[in-house]
Amino acid sequence: MAEPKRYTPAPVSPAPAAGGIAARAMGQRALPYLADLNPEQREAVETLDGPVLVLAGAGTGKTRVLTTRIAHILNLGRARPQEILSVTFTNKAAREMKERVGRMVGSVVEGMPWMGTFHSIGVKILRRHAELVGLKSDFTILDVDDQIRLMKQLLEAEKLDDKRWPARMLAMLIDGWKNRGLTPDLVPAGEAASFANGKGKKLYAAYQERLKTLNAADFGDLLLECIRLFRQNPDVLRQYQQRFKFILVDEYQDTNVAQYLWLRLLSQNTQVSSPGRAEGASPGDPDQDGTVPAIRDGRDKPGHDSLVVAEREQKNICCVGDDDQSIYGWRGAEVDNILRFDHDFPGAKIIKLERNYRSTGHILAAASHLIAHNEGRLGKTLRTEDVVGEKVQVTGAWDSEEEARSIGEEIEQLQRDARDEGQDHPLDEIAILVRASFQMREFEDRFIQLGLNYRVIGGPRFYERAEIRDALAYLRVIAQPADDLAFERIVNVPKRGLGDAAVQMLHDHARKQRMPLAAAAAMIAATDEMKPKPRLALRELMGNFERWRKQKDTLPHAELAEIVLDESGYTEMWQKDRSADAAGRLENLKELVRSMQEFENLQGFLEHISLVMDVDRGEQEQAVNIMTLHSAKGLEFDTVFLPGWEEGLFPHQRSLDESGRNGLEEERRLAHVGITRARKRARIYFASNRRIHGLWSTNIPSRFLDELPEAHVEVKEPAGGTGGFGMSGYGPSRFDEAQSFGSTYTTPGWQRAQSRKGKGGFSENGQPRYVPDGVFDDVDQSGPEDMDAARGGGRSSSPPPGGGRSAAAGRREGVNARPKPVTIDGELIAKSTGATALFAVGERVFHQKFGNGNVVAVDGNKLTIAFDKAGEKRVVDSFVERV
DNA sequence: GGGAGGTCACTTTTT
DNA sequence: GTGACCTCCC
């Protein structure tokens with residue numbers, strides 16, 4: 001890496017360091033971009049020195065502040081483009097930032113290599129110093145799928161029952177540790193014990209070791225290994241600290257501990273001291289020596305205060321975020337990071353942006369009142385100068401179908417109204433934000449019926465589709481012959497007769513010879529170890545790979561991809577497939593090849609996709625947006641529909657069960673995010689009955705509805721029209737009856753919803769049999785027991801009392817006990833070309849399958865042996881032993 | 001080795 | 001209701 005060179009301060013053309021100050025002195029008056037900012041925004045842009053936290057509520061111009069700040073820094077000459085580190089979470093945000101900065105400063109933005117996601121910047125740093133953390137600079141980045149497969153292998157090696165200790169669980173555990181900045185040696189003993197009787201830590205260490213052999217890193221490593229690199233190499237860290245004159249962080253409330261540590265390392269000025277004391281001589285520092293007692297996470301909680309040495313010069317770090325929009329706690333985000341920013345970065349200036357430029361008065365008021373119910377927050381009060389606008393509507397529907405139906409009608413109504421006024425309510429400006437993705441289907445069904453255009457945002461991502469992953473695996477094997485995971489994925493896809501047994505043989509051999517699977521496969525293919533059928537198949541495959549690898553250098557990579565898909569039989573496999581989605585998959589493959597053309601080479605393409613798991617497919621047509629609340633963060637729409645506000649679904653039961661009050665508060669923040677997406681109209685729905693996992697369940701309205709301020713809310717009847725089956729479709733008597741045994745439901749929400757409606761459409765325990773066409777089958781409702789009986793053939797039911805699942809787990813054990821114990825022979829250092837011959841011509845040997853024989857020829861690791869019974873065969877030396 | 005049938009679980013999601 | 005995954009049997 002030619003990195004050091006690039007550190008030499010090259011003379012900057014227009015504004016060298018001194019000129020920057022001059023420019024600042026005179027620049028104050030005529031900076032047009034500052035004029036458009038409100039005073040708080042302006043302060044956030046102009047406070048360049050020292051740590052700054054910008055608490056930016058929803059719609060207060062957060063991105064604007066960030067981008068203007070960058071432009072300002074550049075304009076004043078306070079730093080050169082390559083001296084600004086600007087991190088975001090998503091690629092989308094990074095792209096957007098680049099675009100907006102570009103609009104302000106022009107092509108200068110192209111000279112900002114350190115603008116990107118945490119992960120992309122992490123990789124960039126890691127590739128430059130890969131050797132220092134035990135990787136090669138061309139390491140592969142594994143995704144979740146690869147991770148899990150790798151862990152499966154490790155669990156198998158440990159002979160752990162994968163039913164009891166699923167790889168998925170281990171992956172989550174390790175991921176969690178990595179999020180918290182914990183390397184294997186730092187994992188607290190207590191936690192490590194929780195998995196597989198204390199093997200958790202060992203497995204984590206083994207996993208890391210495997211990654212190194214595979215020359216691979218997972219997403220967590222991109223940051224964690226960076227941290228390790230910095231801690232163990234203060235000189236490297238110092239290079240970066242000196243380089244980054246300004247650090248900007250977007251969505252700070254979403255950072256996890258690892259990201260926090262990473263930022264803190266970079267944002268300090270370290271004196272070069274003894275190695276291993278990267279962060280200076282602070283006693284409580286959890287360094288690689290791991291001497292800190294009671295570490296709960298990689299963050300140095302114990303000695304935290306002593307760590308932040310006041311004298312130490314603090315970098316110019318500016319974090320922008322909103323504690324009220326922290327909704328990713330479940331994947332490791334630490335709201336704490338933002339809540340104690342001034343603690344972590346002493347002397348920090350905190351600037352609140354509270355002027356909202358997005359929503360009308362009622363909407364903002366509703367959102368603000370709701371979020372005020374949270375205790376763990378820094379507290380902001382959003383205000384707007386916009387009109388009061390429409391009140392937030394709350395509508396109760398009988399069931400989720402009615403909910404979808406009335407939302408569909410309201411959308412049509414909105415469009416009619418707009419048309420009457422000679423305007424247009426673009427479908428793009430309408431969003432339906434759901435808590436859980438299963439809710440989406442009902443809307444899709446309904447909109448298809450109505451012929452209403454919609455798009456689902458955030459469905460299965462392009463690169464996660466099986467066919468794409470398969471295709472990529474082929475390309476990975478070509479580009480990276482050591483990529484075992486990719487090889488394993490496609491060795492028998494399409495089916496070519498290389499099943500478990502064959503793969504097992506390859507594995508054994510690879511392990512014995514300490515070589516990548518593909519190399520082992522090539523070797524075995526050249527021998528007679530396998531039965532003729534798989535042998536031929538393997539030979540063909542390996543021959544193909546050899547050829548493709550040669551073509552890699554001569555053909556454009558997109559063309560190569562086409563050839564590979566064709567010649568491997570992969571395309572054919574889907575062409576023959578009769579399932580409904582086969583055509584779509586072929587279409588996706590075409591799209592993949594097309595998208596490859598945008599990249600310079602195969603390497604570049606593979607790098608891109610491992611980091612950027614999305615593909616921009618320009619959609620022109622207007623459509624209603626359906627997405628989860630989570631994926632709506634950062635977006636805004638004129639009209640927002642928020643269905644499914646019921647206890648159990650929103651707030652989600654699981655969130656409450658698992659994280660208690662914190663869980664509830666995060667759900668509430670999610671609700672707040674939902675409402676604040678709306679510019680002009682926010683419409684909330686709840687359905688009394690909803691089918692979840694195939695069973696009907698009856699729900700009470702969400703407690704969040706009670707937390708909305710009455711003055712800003714209007715309670716509505718569901719839009720009628722179709723079939724006249726609204727809230728009034730059944731008489732009060734039935735409601736009373738239901739109520740009589742729904743006595744446990746006395747929550748405020750329930751009561752209020754009831755009184756407001758006068759004739760609420762929900763029976764709590766009543767379990768009416770509901771037949772889809774809107775007719776009630778008024779069955780006996782004498783009690784739950786009878787209900788269960790009545791349920792028999794009916795479609796409506798509640799979960800069986802006892803939980804009903806008879807778990808017959810544990811009946812299986814001992815997964816594939818392999819026949820021969822694998823002895824890893826220390827001397828067997830067969831490198832890929834393996835020149836060390838272990839046998840000599842004439843030696844008498846024994847082979848499991850072919851019996852005894854004499855070596856007649858030696859060719860590296862391959863032996864030709866004249867077997868007494870089986871005749872002359874070519875075999876690999878590790879399969880035979882001397883007699 | 002591969003297809004057919006049974007069992008289980010099932011919030012949110014980026015990189 | 002449904003998809004993913006596992007097991008069994010040919």
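FYI, side chains are in, hydrogens and waters are out, and symmetry mates aren't considered; it's all heavy atoms of this structure. So you know, we letter chains A, B, ... as the sequences are listed, proteins then strands, and number each from 1. Predicted model only: the values in this text are computed from it and were never measured.
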Using a 4.0 Å heavy-atom cut-off, does [X] contact any base of the nucleic acid, only the sugar-phosphate backbone, or nothing at all?
| X | result |
| --- | --- |
| A:Glu658 | base |
| A:Glu667 | base |
| A:Ser655 | base |

So which nucleotide from [options] ends up closest to the side chain of [X]?
| X | options | answer |
| --- | --- | --- |
| A:Asn492 | B:dT14, B:dT11, B:dG2 | B:dG2 |
| A:Phe219 | B:dG3, B:dT15, B:dT11 | B:dT15 |
| A:Asn91 | B:dT13, B:dT15, B:dT12 | B:dT15 |
| A:Thr628 | B:dT13, B:dG3, B:dT15 | B:dT13 |

Phosphate OP1/OP2 of B:dT13 contacted by A:Arg331 side-chain N/O (<4.0 Å): no
Atom-to-atom span, [atom1] of [X] to [atom2] of [N] - whole angstrom:
| X | N | atom1 | atom2 | result |
| --- | --- | --- | --- | --- |
| A:Asp218 | B:dT14 | CG | C1' | 14 Å |
| A:Gln147 | B:dT15 | CD | P | 15 Å |
| A:Gln325 | B:dT14 | CD | P | 17 Å |
| A:Leu635 | B:dT14 | CG | P | 12 Å |
| A:Glu646 | B:dT11 | CD | P | 16 Å |
| A:Arg654 | B:dT12 | CZ | P | 10 Å |
| A:Ile141 | B:dT14 | CD1 | P | 17 Å |
| A:Ile626 | B:dT12 | CD1 | P | 15 Å |

Pairs under 3.5 angstrom, nitrogen or oxygen only, protein versus nucleotides 1-5 of chain C, please.
residue, atom, partner, partner atom, Å
C:dG1, O6, A:His693, O, 3.4

Partner residues of [X] under the side chain to side chain donor-acceptor pair (under 3.5 Å) criterion, sequence neighbours left out:
| X | value |
| --- | --- |
| A:Glu572 | A:Lys576 |
| A:Glu467 | A:Arg585, A:Asn588 |
| A:His119 | none |

Which heavy atom of A:Leu538 sits nearest to which heavy atom of A:Ala521, and what is that distance? CD2-O, 3.6 Å
Looking at A:Pro643 and A:Phe443, what are the two nearest heavy atoms and their distance? CG-CZ, 3.5 Å
Using the aromatic ring of A:His652 (for Trp, its six-membered ring), decide whether it stacks on the base of B:dT11 within the limits of 5.5 Å and 30°. yes
Less than 5.5 Å between centroids and less than 30° between ring planes, does A:Trp330 satisfy that with B:dT12? yes
Residue list, side-chain contact (heavy atoms from CB on, under 4.5 Å) with A:Leu656, at least two apart or on another chain: A:Pro651, A:Gln653, A:Leu664, A:Arg703
Straight-line distance of A:Asp175 CG to A:Arg168 CZ, nearest 0.5 Å: 11.5 Å
Sorted by chain and residue number, the salt bridge (charged side-chain N to carboxylate O under 4.0 Å, His left out) partners of A:Arg435 (sequence neighbours excluded) come out as A:Glu667
Between A:Leu222 and A:Leu498, which residue's closest nucleotide on DNA chain B lies nearer the 5′ terminus? A:Leu498
5' priority, DNA chain B, between A:His630 and A:Phe89 [closest heavy atom]: A:His630
